[in-house]
Amino acid sequence: PQNSQARADFVGAKSKKDVQAEEEEDEVITLTDEEILQLIESIPYHHEQESHAMAARRWIFAIQILSAYGLRPVELLSLKMKGGKLWSTHIKRSGGGYGKPRELIGFHPEWVKDWRLVERFKSGEELPKPYEVGAALNKYLEGKEYWEKLRKKKNVSSYSFRQSYSKR
């Protein structure tokens, strides 16, 4: 009897309630280009306390890279230069196998150029290096006025930079 009940959960059409619940779970939360630019501008890179200003500059650099290349936050830890180009050497494991290192291609070439992302990385400009980059980025942005506005409006997270790139 228990097995037949479990099988019944997988037979037939899903209820409207179940479909709506799944759609809400799968909702992709993205940022517009304008929201990304406003967020970057809102980060206090000119803070009077030098340690705060340095942290802000590192996180701005991270957000610029995440936004321009559509990376997962964890991929910030596996960036490398190869042949004068920026690569992610992160190997993602999924149900279909393993990913491969890849050259990064910016969706907005003007962001890559204007922000000088490759040159800055090549010159050794620092990125944040915490183990849990996504959680650390969420924590850093917590309490920042513009980020909190976006969170209340859209429930964004550090992964929203990747989802925004994918949607574009």
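Tracing side-chain contacts under 4.5 Å through hydrophobic residues (I, L, V, M, F, W, Y), one reaches Leu37 starting from Val156; they form part of the same cluster. The hydrophobic clustering, which links ILVMFWY residues whose side-chain heavy atoms are closer than 4.5 Å, places Met54 and Phe121 apart.
In this structure, the side chains of Phe61 and Leu76 stay at 4.5 Å or more apart for every pair of heavy atoms. Side-chain contact between Trp59 and Leu141 is absent, with no heavy-atom pair separated by less than 4.5 Å. Pro128 places none of its side-chain heavy atoms less than 4.5 Å from the side chain of Val133. Side-chain contact between Leu104 and Val118: absent, with no pair of heavy atoms (C-beta onward) separated by less than 4.5 Å. Using a 4.5 Å heavy-atom cutoff, the side chains of Phe161 and Leu39 are in contact. The shortest distance between side-chain heavy atoms of Leu137 and Tyr159 does not fall below 4.5 Å. Residues Arg58 and Leu127 form no side-chain contact, since every pair of their non-hydrogen atoms from C-beta on lies 4.5 Å or further apart. Residues Lys144 and Pro44 are in side-chain contact: their nearest non-hydrogen atoms beyond the backbone lie under 4.5 Å apart.
Summarising the geometry of Val112 relative to Gly106, their closest heavy-atom pair is CG2-CA, 4.0 Å, with the distance given to 0.1 Å. Across all non-hydrogen atoms, the minimal contact from Ser164 to Ser160 is OG-O, 2.6 Å. Residues Tyr69 and Ile105 approach most closely at CD2-C, 3.7 Å, considering heavy atoms. Closest heavy-atom contact between Thr30 and Lys154: O-NZ, 2.9 Å.
At most 12 non-hydrogen atoms from other residues, nucleotides or ligands lie less than 6.0 angstrom from CD of Glu145. No more than 12 heavy atoms of other residues, nucleotides or ligands sit less than 6.0 Å from atom NZ of Lys149. Within 6.0 Å of CD in Glu48 there are 12 or fewer heavy atoms belonging to other residues, nucleotides or ligands.
The salt bridge (Lys or Arg N to Asp or Glu O under 4.0 Å) contacts involving residues 133-143 comprise nothing, where partners must be two or more places apart or lie in separate chains.
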Atom pairs and distances, side-chain donor-acceptor, residues 77-91, under 3.5 Å, sequence neighbours left out:
unit_1: Ser78; atom_1: OG; unit_2: Glu75; atom_2: O; d: 3.2
unit_1: Ser78; atom_1: OG; unit_2: His90; atom_2: N; d: 3.2
unit_1: Ser88; atom_1: OG; unit_2: Glu75; atom_2: OE2; d: 2.7
unit_1: Ser88; atom_1: OG; unit_2: His90; atom_2: N; d: 3.4
unit_1: Thr89; atom_1: OG1; unit_2: Ser78; atom_2: O; d: 2.8

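One finds the CG atom of Leu31 at 7.5 Å from the OG atom of Ser67 (value rounded to the nearest 0.5 Å). A distance of 13.5 Å separates NE2 of His46 from NE2 of His52, quoted to the nearest 0.5 Å. To the nearest 0.5 Å, atom CD1 of residue Ile29 and atom CG of residue Asn155 are 4.5 Å apart. Taking OG of Ser158 as the start and CG of Leu71 as the end, the distance is 12.0 Å to the nearest 0.5 Å. The distance from atom CD of Gln64 to atom CZ of Arg116, rounded to the nearest 0.5 Å, is 10.5 Å. We find the CD1-CH2 distance between Ile65 and Trp115 to be 10.0 Å, quoted to the nearest 0.5 Å.
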### Query
Between Arg151 and Glu148, is a salt bridge (charged side-chain N to carboxylate O under 4.0 Å, His left out) present by the stated rule, with each step listed?
CA-CA 5 Å; Arg151 281 184 56 204; Glu148 291 300 325; 3.2 Å; yes
### Task
Output, in order, the C-alpha distance, side-chain angles, deciding distance and verdict of side chain to side chain contact (heavy atoms under 4.5 Å, CB included) for Ser166 and Gln163.
CA-CA 5 Å; Ser166 296; Gln163 292 169 325; 5.6 Å; no
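The residues Glu35 and Lys153 are annotated as salt-bridged, a charged nitrogen and a carboxylate oxygen being separated by less than 4.0 angstrom. Ion pair Lys122/Glu119 not flagged as a salt bridge, since none of the NZ, NE, NH1 or NH2 atoms sits closer than 4.0 Å to an Asp/Glu carboxylate oxygen.
For Gln38, the side chain to side chain contact (heavy atoms under 4.5 Å, CB included) criterion is met by Glu34, Tyr146, not counting sequence neighbours.
Below 30°, between 30° and 60°, or above 60°: for Phe107 and Tyr165 the angle between ring planes is above 60°, a perpendicular geometry.
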